[in-house]
There are 2 protein chains.
Amino acid sequence: MGGFHVNKKNEGEFPTRRRGAELEAAIMQAAWDELMEVGFPNFTIEGVAARAQTSKPVIYRRWPNREELVLAAIHKILPAPPDEVPNTGELRSDVIIILNQLNDILRKIGPETIHGLMSVLTGIPLSELINFRRTNAMSTILNRAVERGEIRHEKVTARITRLPVDLVRHEVLITYEPVSQDTIAEIVDEIFLPLIK
Amino acid sequence: MGGFHVNKKNEGEFPTRRRGAELEAAIMQAAWDELMEVGFPNFTIEGVAARAQTSKPVIYRRWPNREELVLAAIHKILPAPPDEVPNTGELRSDVIIILNQLNDILRKIGPETIHGLMSVLTGIPLSELINFRRTNAMSTILNRAVERGEIRHEKVTARITRLPVDLVRHEVLITYEPVSQDTIAEIVDEIFLPLIK
DNA sequence: TGCTATAAGATACTCAAAGTTTCTTATTTA
DNA sequence: TAAATAAGAAACTTTGAGTATCTTATAGCA
């Protein structure tokens, strides 16, 4: 028992029905827009379909559910930070650059969406959900600082390497404090550098 | 157009229909059990009503929605940590006690539920959602350590006071690492104490 | 150029659960 | 013992997830 069909035959010169990559890109953009406008808890597949001027089955043929669609849109739309690890010649400014990149990404996605994803995609740490190849950036920065003789390598433990990133994440996601330049400076100058210098 | 009613008249000696505080307690327990068994994403009001052997309107008369019901159950059922702030006479062991209490609470509620609540109750920091009057415990501990002469008061900034609690929260909620005694010791001995001593 | 495979799009399902309404009746209280 | 209160039963509306079925536009190929 099929539906009531009103498709018009298109005798025109170029296609009006999108397919493949073009259609996919339109859906990703629509999903992102929907997420930004209504927020994660109100994000619906139907809303995305309407916005992209397509229909639900088209979306379900590509992504199995709400969460995967959101995750895909995030990875597709969000500009990844540059691949190169900052290298200013000074540890402090390198770390501040990394922390600003992280803060930007988290702020753009929004805590509400991140919490929503983490609630549903159980047991997957944030670094796996949203990993812009930033995992090793801090290590690289610290190795360079050791090579320059700026810090001593015995000070560089795994926990201290993660510390600044962890604190920015905590600030954005758990306390909802806006992470200003002052906040970042505080984390770096009051916590991180004293431990490693 | 009301429903089909099969209530039996109870001519017995004592009430079979619960009300007030007794009913409320049964609902809270049912909500907690439901949360523990099916997890936050699958938690339903209908499930709670069935489990508590009552009906949806009874629940909706008291709590406006799913999230508030969960939040109420958490606060009702979860044993709050003791009111007294630990006072062993040594900073290190006091901090370890606090961090273990925090870890216990977060583990009992579960990251999935916490993320779910934070996604829906937008903009409310974790410390307001789940505040077992622990907010000032660290301050008290540090003040006592200053009084004992164990540390100097200039070292005690707001950020350093929050640091150990922040790191445990981050570990449980963001990285999903199990917080062992070793992890807590690492946070205290490798990060916190070196900054404050 | 026309044929065929593919996939888009429309529509209508089913199912579950949120939240509401209406009614009856048990229980408390005055 | 009567009146007020609130529990409980059931059916309702609405929304959205996810699926199934069909038609038809389009791409790629013969």
Side-chain angles (χ1 to χ4, degrees), chain A residues 1-28 30-31 34-35 38-71 116 119-121, chain B residues 1-28 30-31 34-35 38-71 116 119-121:
Chain A
M1 283 100 227
F4 175 55
H5 300 275
V6 291
N7 286 351
K8 300 260 172 52
K9 193 164 236 166
N10 174 25
E11 310 280 12
E13 305 211 355
F14 41 84
T16 126
R17 184 184 277 189
R18 297 158 302 180
R19 340 181 116 201
E22 186 197 354
L23 177 59
E24 197 156 314
I27 295 171
M28 291 287 88
E34 179 83 355
L35 188 63
V38 307
F40 185 81
N42 301 314
F43 178 94
T44 66
I45 304 253
E46 288 186 340
V48 176
R51 195 183 281 267
Q53 305 199 70
T54 181
S55 62
K56 287 202 286 176
V58 173
I59 294 178
Y60 279 107
R61 274 167 203 146
R62 291 177 163 77
W63 300 276
N65 53 46
R66 219 172 142 266
E67 302 82 71
E68 293 297 334
L69 178 59
V70 169
L71 211 46
S119 180
V120 180
L121 306 171
Chain B
M1 285 95 221
F4 175 53
H5 299 273
V6 291
N7 286 351
K8 301 259 171 54
K9 193 164 237 165
N10 174 25
E11 310 280 10
E13 306 212 356
F14 39 84
T16 125
R17 185 183 275 189
R18 297 158 302 179
R19 346 181 111 200
E22 187 197 354
L23 177 59
E24 198 157 315
I27 295 171
M28 290 288 89
E34 179 84 355
L35 187 63
V38 307
F40 186 81
N42 300 315
F43 178 94
T44 66
I45 305 254
E46 288 186 341
V48 175
R51 194 183 283 267
Q53 306 199 70
T54 182
S55 61
K56 287 202 286 175
V58 174
I59 294 178
Y60 279 108
R61 275 166 202 145
R62 291 176 164 77
W63 300 277
N65 53 46
R66 218 171 143 269
E67 303 81 72
E68 293 297 332
L69 178 60
V70 169
L71 209 46
S119 180
V120 179
L121 305 172

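Residue numbers begin at 1 in each chain, while the letters A, B, ... track the order of the sequences.
Note that CG of B:Leu35 is 10.5 Å distant from CG of B:Asn42, once rounded to the nearest 0.5 Å. Note that CE of B:Met28 is 10.0 Å distant from CG of B:Leu23, once rounded to the nearest 0.5 Å. A distance of 9.5 Å separates CD in A:Glu67 from CZ in A:Phe43, rounded to the nearest 0.5 Å.
For the pair A:Asn42 CG and D:dA17 P, the interatomic distance rounds to 11 Å; values are reported in whole Å. Rounded to whole Å, the distance from CH2 on B:Trp63 to P on D:dA7 is 10 Å. B:Glu67 places its CD atom 16 Å from the P atom of C:dA17, with the value rounded to the nearest Å. Between the CG atom of A:Leu23 and the P atom of C:dT6 there is a distance of 18 Å, given to the nearest Å. Here the P atom of nucleotide C:dA16 and the CZ atom of B:Arg66 are 17 Å apart, to the nearest Å. Rounded to a whole Å, the CD1 atom of B:Ile59 is 14 Å from the P atom of C:dA17. Taking atom CD1 on B:Ile27 and atom P on D:dA7, their separation rounds to 8 Å, with Å as the unit. Going from atom OH of A:Tyr60 over to atom C1' of D:dT21 covers 17 Å, rounded to whole Å.
For the pair B:Val48/B:Arg51, no side-chain contact is recorded, criterion being any heavy-atom separation below 4.5 Å from C-beta on.
Take B:Glu68 and apply the side chain to side chain donor-acceptor pair (under 3.5 Å) test, not counting sequence neighbours, and it matches no residue.
When the side-chain nitrogen and oxygen atoms of A:Arg62 are compared with OP1 and OP2 of C:dA8, one or more of them lie within a distance under 4.0 Å. Distances shorter than 4.0 Å separate none of the side-chain N or O atoms of B:Arg61 from OP1 or OP2 on C:dG19.
Contact of B:Arg19 with C:dT28 (side chain to base): no donor-acceptor pair of N or O atoms is detected under 3.5 Å. On a pure distance criterion of 3.5 Å, a polar donor-acceptor pair joins the side chain of B:Arg17 and the base of D:dA7.
Closest contact between the side chain of A:Val58 and the listed nucleotides C:dG9, D:dA7, C:dT20 involves C:dG9.
Annotation: proximity of residues 45-56 of chain B to DNA chain C (heavy atom, distance under 4.0 Å) is found for B:Ile45, B:Glu46, B:Lys56, numbered in ascending order.
When all heavy atoms are compared, the tightest approach of A:Ser55 to A:Ala49 is C-CB, 3.8 Å.
Of the possible polar contacts, none joining the A:Arg62 side chain to the A:Leu69 backbone as a donor-acceptor pair under 3.5 Å is found.
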